[in-house]
Number of protein chains: 2
Amino acid sequence: MKRVLVVEDEIKIARLVRDYLNQAGFEVLEAADGPSALSLARAERPDMIVLDLGLPGMDGFDVTRRLRATSSVPIIMLTARSEETDRIVGLELGADDYVTKPFSPKELVARIRAVLRRAEATLGGGEVVRSGPLEIDIPKRRVTVDGAEVELTASEFDLLLVLARQPGRIYTRAQLLDAVRGVSFESYERSVDAHIKNLRRKIEADPKRPELVVTVYGVGYKFSDA
Amino acid sequence: MKRVLVVEDEIKIARLVRDYLNQAGFEVLEAADGPSALSLARAERPDMIVLDLGLPGMDGFDVTRRLRATSSVPIIMLTARSEETDRIVGLELGADDYVTKPFSPKELVARIRAVLRRAEATLGGGEVVRSGPLEIDIPKRRVTVDGAEVELTASEFDLLLVLARQPGRIYTRAQLLDAVRGVSFESYERSVDAHIKNLRRKIEADPKRPELVVTVYGVGYKFSDA
DNA sequence: TTCGAATGTGGAGAACTCGTGAAGACATCA
DNA sequence: TGATGTCTTCACGAGTTCTCCACATTCGAA
């Protein structure tokens with residue numbers, strides 16, 4: 001049975017959605033604000049999340065971003081606006097679909113089913129970046145070196161992904177900070193070095209002589225293209 | 001030096017932003033309303049535009065739309081409202097980022113830098129400069145002479161790139177120092193000579209008789225256009 | 001050709017860059 | 001709350017690059 005986390009602060013809507021989903025054969029988890037949504041998502045690993053954008057406190061965009069930092073769970077956004085632009089923003093942030101309020105619960109269920117189908121279909125053939133002994137499964141956020149899985153933190157993964165997507169291309173520390181933290185100000189560029197150090201310890205055969213993530217003196221780092 | 005057009009009708013804010021940007025090393029152009037923003041943008045071709053949404057007369061969305069009709073200059077929107085709608089519409093119209101008032105000037109500068117970096121990264125995709133036997137791969141910062149790769153330091157690369165991008169154009173030592181060090185204050189111009197020396201040793205067939213990087217007696221250096 | 005100024009060049013030390021371990025800040029989860 | 005893991009920041013050492021000087025060479029103008 002598929003489990004859906006519904007994040008919605010308006011009780012009436014939450015109840016409506018829950019009833020419909022139950023009836024449609026889903027198990028429903030509920031959260032009324034951003035922080036509890038995040039911890040529930042982490043604890044329960046639902047198969048999909050329905051997220052209202054207009055939450056009190058932390059807004060839906062932030063929730064999405066932080067979910068995406070560690071997970072590729074499918075997300076459907078609920079938004080009060082009918083602008084068709086939502087789709088673009090949603091997709092940019094990593095949502096899989098959106099539904100505008102007022103919505104018919106029937107439609108919501110249909111979209112949930114569609115997204116779940118798509119997610120399952122994509123499961124096998126997800127986007128994978130390969131480079132040398134490295135394999136990066138983007139939707140699963142999983143990395144293997146010579147077939148052996150290595151555990152990376154969120155930052156390490158983001159860093160590696162940016163670098164490995166364009167081997168040979170050189171990135172400055174500032175660019176890499178952007179990749180890891182969104183926009184970075186008031187921040188110490190050399191924290192990138194620390195991540196690189198940890199990353200190398202995990203993926204390099206000999207971290208003292210890195211062959212995958214290479215330093216470009218005076219400029220930044222690159223993924224080896226040799 | 002990057003040039004930023006600031007479109008803002010509130011004088012106090014405009015001045016604040018201008019001072020901060022100047023201090024951060026940007027050249028600032030200013031406009032207080034939509035029409036003058038459009039004509040300034042067309043005439044001056046700034047590297048980036050910071051646009052207040054709450055302008056009198058023509059509103060910021062219109063300005064964005066009309067800018068986008070002819071140009072892909074990066075745009076950051078300033079908005080007093082934190083409404084989702086504004087962000088969504090703004091991004092939909094082609095803004096690159098937005099900052100909500102009240103904002104910290106530091107953050108604005110950070111976002112400007114990030115957007116410019118992103119713009120440059122997108123532009124430079126696969127950009128290669130060729131000139132005679134020389135080939136310069138900009139994103140990879142790789143240089144080959146007659147197919148053979150040569151290893152350059154960061155400064156040597158920057159110097160060579162500036163020269164080779166416009167063969168025949170003569171650069172003074174001061175200009176070349178800018179290229180290497182950002183802004184040159186209080187610095188010994190003849191260190192350029194030292195870089196040129198090292199550069200020639202690496203890329204010239206006969207460093208005693210330079211054919212690529214040529215001295216222009218009494219003025220500076222140029223890349224050969226013959 | 002001669003002279004003064006501009007440029008070439010080798011080399012020493014200053015300045016910078018990077019890797020690293022460690023400490024504290026911060027977030028997360030039980 | 002405490003335990004755990006991650007991220008940021010700092011300071012030091014090792015290595016690389018840059019700057020700058022002194023002197024040699026070349027250039028251009030009379």
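A note on names: the letters A, B, ... follow the listed sequences, proteins ahead of strands, and every chain is numbered from 1. We use all heavy atoms of the structure for the numbers below, so side chains are in, but hydrogens, waters and symmetry mates are not.
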Whole Å only: how far is the OH atom of B/Y188 from the C1' atom of C/dA15? 17 Å

State whether A/S155 places a side-chain N or O below 4.0 Å from either non-bridging phosphate oxygen (OP1 or OP2) of D/dT6. no

So for B/R190 and C/dG8, does any side-chain atom that can act as donor or acceptor lie under 3.5 Å from a complementary atom in the base? yes

Consider the side chain of A/S191, meaning its heavy atoms from C-beta on, and name the nucleotide among D/dC7, C/dT9, D/dT8 that approaches it most closely. D/dT8

Side-chain N or O of B/T215 closer than 4.0 Å to phosphate OP1/OP2 of C/dG8: yes

Just how far, in rounded Å, is P of C/dG19 from CG of A/D206? 14 Å

Just call it for A/R200: base, sugar-phosphate, or nothing, with non-hydrogen atoms closer than 4.0 Å on any strand. sugar-phosphate

Closest to the 5' end of DNA chain D, once B/H195 and B/Y217 are matched to their nearest nucleotides, is B/H195

Among D/dT9, D/dC20, D/dT6, which nucleotide has an atom closest to any side-chain atom of A/A194? D/dT9

If I take atom CD in residue B/E204 and atom P in nucleotide C/dG8, what distance separates them, rounded to the nearest angstrom? 11 Å

Is any side-chain N or O of B/K208 closer than 4.0 Å to OP1 or OP2 of D/dT25? no

How many whole angstroms separate atom CG of A/D193 from atom P of C/dG21? 13 Å

So, do B/V28 and B/V17 sit near enough that their side-chain heavy atoms are less than 4.5 Å apart? no

Can we say A/D225 and A/R169 salt-bridge, meaning some charged N sits less than 4.0 Å from an Asp/Glu carboxylate O? no

Which one, D/dC7, C/dG19, C/dT9, comes nearest to the side chain of A/Y221? C/dG19

Side-chain contact check for B/R173: nearest option of C/dG8, C/dG10, C/dT20 is C/dG8

Side chains of A/L163 and A/L212, heavy atoms from C-beta outward: is any pair under 4.5 Å? no

With heavy-atom distances below 4.5 Å as the criterion, would you say the side chains of A/L16 and A/K12 are in contact? no

Between B/L152 and the options B/D158, B/V143, B/N198, the side-chain contact (heavy atoms from CB on, under 4.5 Å) test singles out B/V143

